[in-house]
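Structure, as structure tokens:
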Amino acid sequence: MGPAQRAEALAAMAERELDVLVVGGGVVGAGTALDAVTRGLSTAIVEARDWASGTSSRSSKLIHGGLRYLEMLDFALVREALKERGLLLERIAPHLVKPVPFLYPLRHKGWERVYAGAGVALYDAMSVSSGHGRGLPVHRHLTRRHALRVAPCLRKDALVGALQYYDAQMDDARYVASLVRTAAAYGALAASRAPVLGFLREGERVVGARVTDVETGGEYEIRAKQVVNATGVWTDDTQGMIGERGRFHVRASKGIHLVVPKDRIHSATGLILRTEKSVLFVIPWGRHWIVGTTDTEWDLDKAHPAASSADIDYLLAQVNSVLAVPLTRDDVEGVYAGLRPLLAGESEATSKLSREHTVAHPVPGLVVVAGGKYTTYRVMAKDAVDEAVHGLDRRVAECVTEDVPLLGAEGYRALWNARARIAERAGLHVARVEHLLNRYGSMTEELLELVTADPGLGRPLAGADDYLRAEVVYAASHEGARHLDDVLTRRTRISIETFDRGTRSARECAELMAPVLGWDKGQIEKEVEHYEKRVEAERESQLQPDDLTADAARLGAPDIVPI
């Protein structure tokens with residue numbers, strides 16, 4: 001998915017009528033493109049900004065069944081999500097999706113252990129009954145003393161005992177990039193930075209879309225028998241382009257997360273804490289912890305939701321209520337805010353709106369899919385393509401994505417077993433090879449070929465030594481990164497994993513990307529300046545007291561390419 005492939009894909013989209021055009025490059029759109037192309041349908045996918053630049057890069061990074069939905073008696077949603085969790089861990093993406101333990105502190109003696117224990121036992125049982133949950137350890141009950149050995153960070157008066165259970169996690173943006181690459185490997189045409197300007201109509205039927213290439217200024221008419229709108233929190237805006245009232249509405253709920261260094265919270269396990277509004281996670285993340293999330297209505301800028309000072313204070317107060325050594329603002333390396341697309345229902349509180357998804361065919365030729373949760377993206381994609389198939393005049397194969405591993409999954413376990421030998425051959429420390437295998441799987445060989453050709457790419461980035469210089473080049477040449485922001489924010493997570501938010505690494509990254517993307521010195525300077533202004537605007541927004549002022553501060557740094 002380098003620059004040449006992107007240009008070829010856009011040109012090819014306009015050459016003939018496609019079976020399916022997917023609008024939206026988040027996890028649901030990418031999953032839909034993979035589903036459609038693996039059924040033998042000619043498929044294209046376009047995204048207005050970067051792959052996963054919206055909700056799908058700003059989640060809690062969990063693949064989970066939704067333990068709290070059991071309390072809401074939503075057994076069907078939990079069962080479906082647990083099956084998907086098992087498939088991702090075992091078959092579809094074992095290199096990207098990993099088990100993660102969580103400790104649930106108990107605050108009351110007697111009844112709470114019985115109540116919560118029954119829920120977690122049911123959770124484990126439903127996982128095993130799905131046929132894909134045997135790879136995770138089952139839950140266990142801990143005394144307070146045992147819990148404090150596992151999580152010494154907890155205040156002694158914060159628990160009387162605990163439960164420990166397992167879920168899974170992934171790098172959400174990397175997962176989406178892998179989905180798109182896999183779809184492209186099966187023949188899908190894919191182009192980011194290609195927003196839809198409007199839909200093509202013949203009578204009441206939608207027959208395609210008018211797309212612009214914001215990188216070059218070109219416009220394309222892409223015709224398709226079926227168009228799938230998978231634009232998440234932008235669903236209502238996209239629907240408005242056809243001048244028809246949608247069958248449902250999507251509301252945005254803002255969730256923010258804090259990233260802190262690993263040594264600030266002394267624990268061998270993640271934590272899940274109940275708050276008065278929802279639940280709070282403390283999630284292991286490499287050499288860091290992710291603390292989140294919030295759940296508040298958001299009706300301001302959708303592209304760049306901002307975390308306010310009040311949001312940050314809320315999360316710190318919640319997590320500090322159980323920590324023996326409280327976190328302060330100085331401990332926060334990174335902050336990110338994302339928007340959940342929720343189907344509008346009877347309740348005004350966003351925390352009570354539906355996490356389930358829906359699919360509709362509002363006009364002939366156009367399918368809309370919305371709602372849902374990251375873990376069940378594959379089911380959403382299947383339902384969307386099933387709906388689109390009804391509008392095709394031929395027999396189409398059933399969904400096969402349950403048995404389609406993502407790029408990098410095939411051979412991953414064998415390479416993992418051989419990691420010491422690979423490290424010796426490549427002249428890298430084995431920890432570096434493990435890092436690469438858990439990000440690229442069997443595609444790691446492609447990165448090692450870059451290092452062989454240019455040994456300088458085997459050095460770590462200055463200011464972000466978790467990442468090799470080769471990863472920046474690979475992001476531009478193979479993973480569709482078009483701008484510095486794409487690499488620092490999504491292909492790597494340097495923007496939230498360093499106290500400088502990536503500014504120390506910015507120039508080095510831009511200079512590594514330049515030969516791949518054909519940048520001159522002027523473009524390098526523009527990319528670095530834009531990134532620094534973005535960081536400055538985000539920092540300023542996080543000092544503001546409320547959403548309105550935070551949003552205004554964040555919008556002080558415009559996109560490098562206006563949409």
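Heads up: numbering here begins at 1 and tracks the sequence. Everything numeric in this text was worked out from a predicted model, so none of it was measured.
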Could you walk me through whether Asp486 and Arg482 pass the salt bridge (Lys or Arg N to Asp or Glu O under 4.0 Å) check? CA-CA 7 Å; Asp486 300 344; Arg482 300 285 306 167; over 6 Å; no
Please test Lys98 against Asp171 for salt bridge (Lys or Arg N to Asp or Glu O under 4.0 Å), starting from the C-alpha separation and ending with a verdict. CA-CA 10 Å; Lys98 304 294 179 182; Asp171 182 329; over 6 Å; no
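- Side-chain contact, Arg85 with Ser127: a donor N or O sits under 3.5 Å from an acceptor N or O.
- Between Pro284 and Trp289 there is a side-chain heavy-atom pair separated by less than 4.5 Å.
- A side-chain donor from one of Asp172 and Ser59 sits under 3.5 Å from a side-chain acceptor of the other.
- Counting all heavy atoms, side chain and backbone alike, Leu280 lies closest to Thr293 at CD1-N, 3.9 Å.
- Proximity of the aromatic rings of His435 and Tyr467 is defined here by a centroid distance below 6.0 angstrom, and this criterion is met.
- Residues Met1 and Val180 are in side-chain contact: their nearest non-hydrogen atoms beyond the backbone lie under 4.5 Å apart.
- Under a cutoff of 6.0 Å and an axis angle of 45°, Lys61 and Tyr336 form a cation-pi pair.
- Residues Leu323 and Arg155 are not in side-chain contact: their nearest non-hydrogen atoms beyond the backbone lie 4.5 Å or more apart.
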Would you check, one step at a time, whether the test side-chain contact (heavy atoms from CB on, under 4.5 Å) holds for Ile265 with Val282? CA-CA 9 Å; Ile265 300 175; Val282 179; 3.9 Å; yes
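- Figure legend: Arg413 and Trp416 shown without cation-pi pairing, the cationic atom not lying both under 6.0 angstrom from the six-membered ring centre and within 45 degrees of its axis.
- No side-chain N or O of Tyr474 forms a donor-acceptor pair with one of Glu449 less than 3.5 Å apart.
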Set out, in order, the CA-CA distance, both residues' side-chain angles and the distance that settles salt bridge (Lys or Arg N to Asp or Glu O under 4.0 Å) for Asp124 and Arg140, then state yes or no. CA-CA 11 Å; Asp124 282 347; Arg140 57 180 183 158; over 6 Å; no
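- Of all the heavy atoms in Ile283 and Ser60, the pair that sits closest is CD1-O, 3.4 Å.
- For the pair Leu96/Tyr412, no side-chain contact is recorded, criterion being any heavy-atom separation below 4.5 Å from C-beta on.
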